[in-house]
Number of protein chains: 2
Amino acid sequence: MKRPTLAVVAARAGVSKSSVSRVINGETTVAPEIRDVVMQAVQELGYVPNAAARNLVTRRTDAVAVVVSDPPKGVVSDDPLFSTVVRTVSRELEAVGRRVVLILAESDESRARVERYVAGGHVDGVMLVALHGADPLPVALARMGLPVASFNRTAATDVPYVALDNAGGAELAVRHLLDRGRRRIATITGPLDLYESRERLEGYRAALRGTGRRSIVALGDFTRVSGAEAMRQLLEDDPDLDAVFAANDLMAIGALRALHQAGRRVPDDVAVVGFDDIEAAAYTTPALTSVRSSMADQATATVRLLLALIEGGPRKPVIMPNELVVRESS
Amino acid sequence: MKRPTLAVVAARAGVSKSSVSRVINGETTVAPEIRDVVMQAVQELGYVPNAAARNLVTRRTDAVAVVVSDPPKGVVSDDPLFSTVVRTVSRELEAVGRRVVLILAESDESRARVERYVAGGHVDGVMLVALHGADPLPVALARMGLPVASFNRTAATDVPYVALDNAGGAELAVRHLLDRGRRRIATITGPLDLYESRERLEGYRAALRGTGRRSIVALGDFTRVSGAEAMRQLLEDDPDLDAVFAANDLMAIGALRALHQAGRRVPDDVAVVGFDDIEAAAYTTPALTSVRSSMADQATATVRLLLALIEGGPRKPVIMPNELVVRESS
DNA sequence: CACCCCTCAGGGAGCGCTCCCTCACCCTTC
DNA sequence: GAAGGGTGAGGGAGCGCTCCCTGAGGGGTG
């Protein structure tokens, strides 16, 4: 049960601890015969270096904290974003030999815990997924001196981030609806304390500007339920609308359901376009047209950014491009 | 930048390192006035214990590895299961002050890395989510002597696990279809190298047994795509079928889509029942009837099991109950 | 009043590793 | 042949913490 230590391996191999350490860490200034005899001792004893002891002296952990900061029923927590981001990040870090410590910061208490944890030197860097604009965590973490990269724009302007071209993507969607000859185009926004939501709304407005069409806005909160509700509201307020741009796919899915229940045909009566192009978008009835933003690419870019920061790289934001995926709903 | 150490705090407070350590660790054998003066020094210096140093001597890490072992396009990786499990587990462990080290083991190489990692003493225990029956990881981890709990049944019979009553749930679903007067009830199975799949198929057969109805089986692999494909196959082979029990919701969603494309009305022409009751089940058109298995409860139970094992508890499997959630599709 | 016991603070070894420094040895070079 | 330089192994301090052990002091008991 008791694991062998460096000293045991050294004794077995008949060399010094230093030499074993060199071999273990792949240093090149070791004679081949020493290397071989050490390797064999390592094999025979099933030696695995003790992580804590190594961390203690090197001050590095090869671990990265991925902090998902969001209330329990918040935006990030929703399936597609969460699992795509977490999975991609995990894969990407695994590839460079780093571990992922996943932390859900869903309350002020757990946010405080995160700060203490990070201060405790458990990790070499932090990747932050905090969609809520007013989240205090980015600012707090930025102050700690540890490398921090954010999956999206935050209120902490000194935290390097990766962001989508949200306005551009929304414009793409609305222009597409205009091209299809739609005349009364509404939008369902996300919560307006999020940059994403504001920028997507801005893009919607920009596309409509100069076309003589007025904007019709309903507020959602990025959940399916809110999408359905906003859609019902819109139909009530403006029964003649013939297109909707939802600021994310989940709300678009909710909207599709509300339209179905209201007896409107999609896309014949009302065209629907979403944003994010989550996997489920291809499986709605009818299949959903959406702005493809590739969260996976965004997540990958964030990991790269963080790794670069850990290596002492520059603190430059990254903006990701979008494209429109046209399916049956428009 | 340099963080203060125990010794610095002790010097500041004018007491010994031992006393500071006792205060930090909440031992009760400390005089109140010493406690206060230490607390104040801790506050003033912003002291946070060094994790590596503590781990080194205590041999505990307060961290748990959550290993998701599955090929990249495998079962577990799909959104609902992955995010529900990971999120629930993370919350549950957070609540008891333990950290989650998330590891995706998607290849043999990364599985080997997991073993080395666990051997390195980074974690106090391992929670395993490995749906593939032939996965070698459970066996390997079980050998290491560290507490291991599995989210589901595995080939390693000595690994304590939490499992659903799969057969019972499937029976529930099929009996419900029989009650609705359906006569030709097909099933779409999951991959048959999974216990889940085999047990659900067994339940389907058990429910049909003695009713004079024959079983109609198509193979799927728990993905949406496979569900759609299997459904098309079934319609071709047996155009008169009037009900389908899909072994999970994702395949049920795929089946709904295939039925829609084939011009069959649900539930009028064909009733559909899924398994798992994922969130998306309520948002299909028509909304999906499903066996509610509560992955969240299952995940929670697994965490509890693991924590109990770490405390030296007994290695007893846990079986979770199911219920049927009837919606529009049946 | 002497003795013992109990409580609680301090001293210091030691966890397993890395990395700096020293030193032995060999090859050049004049 | 002696001096200088370079290569690579070994010795050992020290990372920051916990925890065992010692011993001081106070209170209780016969």
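Residue numbering restarts at 1 for every chain, and letters A, B, ... go by the order of the sequence lines.
For the helix from dC1(C)-dG30(D) to dC30(C)-dG1(D), the axis fitted to the five pairs at one end and the axis fitted to the five pairs at the other end meet at an angle of 40° (nearest 10 degrees).
If you take CZ of Arg60(B) and C1' of dC19(D), they are 14 Å apart, rounded to a whole angstrom. Between the P atom of dA13(D) and the NZ atom of Lys17(A) lies a distance of 11 Å, rounded to the nearest Å. The CG-C1' distance, from Asn55(A) to dC17(D), rounds to 14 Å in whole Å. Atom CG of Asn50(A) is separated from atom P of dT18(C) by 10 Å (rounded to the nearest Å).
Nearest to the side-chain atoms of Ile34(A) among the listed nucleotides dA9(C), dA9(D), dC17(C) stands dA9(D). Considering only the side chain of Val57(B), dT18(D) comes nearest among dG16(C), dT18(D), dT18(C). Of the candidates dA9(C), dT18(D), dG16(D), dA9(C) carries the atom nearest the Val30(B) side chain, counting heavy atoms from C-beta on. Of the candidates dT18(C), dT18(D), dC17(D), the closest approach to any side-chain atom of Arg54(A) belongs to dT18(C).
Across all strands, Ala31(B) comes closer than 4.0 Å only to sugar-phosphate atoms, never to a base (heavy-atom distances). If you check every strand for non-hydrogen atoms under 4.0 Å, Arg22(B) touches a base.
In this structure, Arg3(A) fails the cation-pi test against Tyr47(A), since its NZ or CZ atom is not both closer than 6.0 Å to the six-membered ring centre and inside 45 degrees of the ring normal.
Aromatic ring orientation, His122(B) versus Tyr117(B): parallel (interplanar angle below 30°, classes split at 30° and 60°).
Neither side chain, Ser18(B) nor Ser21(B), offers a donor N or O lying under 3.5 Å from an acceptor on the other.
Annotation for Met320(B): atom CE counts as buried by contact number, over 12 foreign heavy atoms lying within 6.0 Å. The local environment of CD in Gln40(B) is sparse, with at most 12 non-hydrogen atoms from other residues, nucleotides or ligands closer than 6.0 Å.
Distances shown here put every side-chain N or O of Ser16(A) at or beyond 4.0 Å from the OP1 or OP2 atom of dA9(D). Residue Asn25(B) places at least one side-chain N or O closer than 4.0 Å to OP1 or OP2 of dT18(D). Under 4.0 angstrom from either OP1 or OP2 of dG16(C) there lies at least one side-chain N or O belonging to Arg59(B). Phosphate contact (OP1/OP2 of dA9(D), side-chain N/O of Ser18(A), threshold under 4.0 Å): absent.
In this structure, the side chains of Glu115(A) and Leu137(A) come closer than 4.5 Å at one or more pairs of heavy atoms.
With the nearest nucleotide of DNA chain C identified for both Leu56(B) and Ser19(B), Ser19(B) has the one nearer the 5' end.
Salt bridge annotation for Glu196(A)-Arg153(A): absent, with no cationic side-chain nitrogen under 4.0 angstrom from a carboxylate oxygen.
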